[in-house]
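Chain letters run A, B, ... following the sequence lines, proteins first and then strands; every chain starts at 1.
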2 protein chains.
Amino acid sequence: MRISELSRTCGCSVETIRYYESVGLLSAPRRAANGYRVYSDEHRKWLQLVRRSRDLGLPQDEVRLLIKIARDESAACEDVYRLLSSHVQRVSTRIRELKQLEKSLIRLQSRCADGRSKKCPAIDELMK
Amino acid sequence: MRISELSRTCGCSVETIRYYESVGLLSAPRRAANGYRVYSDEHRKWLQLVRRSRDLGLPQDEVRLLIKIARDESAACEDVYRLLSSHVQRVSTRIRELKQLEKSLIRLQSRCADGRSKKCPAIDELMK
DNA sequence: GTAGACCCTCTAGTTGCTACAGGGTCAAGA
DNA sequence: TCTTGACCCTGTAGCAACTAGAGGGTCTAC
Ligand SMILES: [Zn+2]
Ligand SMILES: [Zn+2]
Ligand SMILES: [Zn+2]
Ligand SMILES: [Zn+2]
């Protein structure tokens with residue numbers, strides 16, 4: 001399978017696939033006589049792992065770790081669990097932060113809403 | 001006031017202040033004879049606006065817009081309100097997305113938890 | 001006179017891609 | 001046969017919003 005076909009089946013761009021190869025998230029495939037990359041179904045699976053992990057918000061280096069774990073035959077289920085746990089924690093924390101932010105923004109915005117004053121009270125608050 | 005004092009009162013690094021100047025988020029201050037930047041209290045206020053806006057998650061170009069609005073004497077309260085509204089929307093959307101993500105992650109993770117199988121079911125799912 | 005705390009500019013790194021520029025390859029149609 | 005057009009290649013530069021460092025200058029105090 002050539003790179004464009006792989007890109008279609010995995011839902012990521014050709015450039016992204018080459019990029020993953022360059023940063024070691026996808027192993028280099030064999031090349032045809034003309035220099036084109038030729039991918040196997042194995043490659044497709046590994047790319048799926050990368051794509052799905054990224055879609056779940058895992059940073060690149062954790063995807064790399066996941067790959068290492070997955071390649072290991074004695075695939076440590078526990079390690080995967082731990083990795084996912086710590087990521088869930090990060091996501092939860094971020095959600096809490098964003099909720100706080102949302103509250104602050106709405107409070108700030110409300111000061112604009114009722115004001116008939118000349119000066120914008122929101123701007124005033126931000127500068128004080 | 002010199003740059004390090006300003007950085008202390010505004011809670012951002014010296015480098016960040018210089019960076020804001022370089023990208024036009026903070027106007028260039030006058031220089032002392034030795035070339036050091038000298039800031040007035042006005043500068044401090046504008047930097048506060050930038051810092052607080054950034055802390056609220058506003059992207060740089062919207063902060064720039066906010067500055068333009070604030071500089072305008074006929075400060076359009078309505079424009080500020082609109083700007084904040086659209087940002088609140090973005091934040092709310094992001095929160096919803098992250099909650100979805102959190103759910104998916106927890107589902108995936110749970111497949112690890114109960115498994116006594118040799119192969120990690122989470123990895124399997126990600127690669128299939 | 002030298003140590004330390006400042007200050008300056010300029011450049012390069014971060015993350016995770018994306019978009020060119022400037023080429024080569026190959027099958028189909030005029 | 002020639003030429004389009006859809007592919008493919010490498011390599012470099014860009015994005016946001018800083019951060020960190022190199023390699024220097026300045027000023028005060030012991
Ligand atoms: Zn597992
Ligand atoms: Zn207002
Ligand atoms: Zn080209
Ligand atoms: Zn130095």
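For the pair T16(B) and dA17(D), the criterion of a side-chain N or O lying under 4.0 Å from OP1 or OP2 is not met. Between dC27(D) and R2(B), no contact under 4.0 Å exists linking OP1 or OP2 to a side-chain N or O. Not one side-chain nitrogen or oxygen of N34(B) sits closer than 4.0 Å to the OP1 or OP2 atom of dC8(C). Of the side-chain N and O atoms in Y19(A), none sit less than 4.0 angstrom from OP1 or OP2 of dT15(C). For the OP1/OP2 pair of dG16(C) and a distance below 4.0 Å, the side-chain nitrogens and oxygens of Y20(A) include no atom meeting the criterion. Listed pair S4(B) / dA5(C) fails the phosphate criterion, with no side-chain N or O lying under 4.0 Å from OP1 or OP2.
With rounding to whole Å, L56(A) atom CG is found 14 Å from dG16(C) atom P. One interatomic measurement links the two molecules: OH of Y39(A) to P of dC8(D), which rounds to 10 Å at whole-angstrom precision. Computed from coordinates, the D61(B) CG to dC18(D) C1' distance equals 15 Å when rounded to whole Å. The distance between atom CD of E21(A) and atom P of dC17(C), rounded to the nearest whole Å, is 16 Å. Rounded to whole Å, atom P of dC8(C) lies 11 Å from atom CG of L6(B). Rounded to an integer number of Å, the gap from CD1 of I17(A) to P of dT10(D) is 13 Å. Taking atom CD of E5(B) as the reference point, atom P of dC7(C) lies 10 Å away to the nearest angstrom. Put simply, CD on E15(A) is 13 Å from P on dC7(D), counting in whole angstrom units.
Side chains of Q60(A) and V63(A) form no contact here, defined as non-hydrogen atoms less than 4.5 Å apart.
Here CH2 of W46(B) is found 11.5 Å from CG of L25(B). Values are rounded to the nearest 0.5 Å. To the nearest 0.5 angstrom, Y36(A) atom OH is 10.5 Å from S4(A) atom OG.
Between P59(B) and A33(B), the residue anchored nearer the 5' end of DNA chain D, judged by the nucleotide with its closest heavy atom, is P59(B).
When distances run from any side-chain atom of Y36(B) to the nucleotides dC18(D), dC8(D), dC8(C), the shortest one goes to dC8(C). If you check dG16(C), dA20(D), dT18(C) against the side chain of Q60(A), the one that comes closest is dG16(C). Here the nucleotide nearest the side chain of R37(A), chosen from dC9(D), dC8(D), dC7(C), is dC9(D). The side chain of R31(A) lies closest to dT10(D) when the candidates are dT10(D), dG16(C), dC8(D).
A salt bridge (charged side-chain N to carboxylate O under 4.0 Å, His left out) with E62(A) is found for exactly one of R90(A), R82(A), K68(A), namely R90(A).
V38(B) and V14(B) are assigned to two separate hydrophobic clusters, defined by single-linkage of ILVMFWY side chains at heavy-atom distances under 4.5 Å.
Looking at E5(A) and R8(A), no side-chain N of the basic residue comes within less than 4.0 Å of a carboxylate O on the acidic one, giving no salt bridge.
Base engagement by R18(B) is indicated by at least one non-hydrogen atom pair under 4.0 Å involving a base atom. Among the protein residues, R8(A) comes within range of no part of the nucleic acid, since none of its heavy atoms lies under 4.0 Å from any strand.
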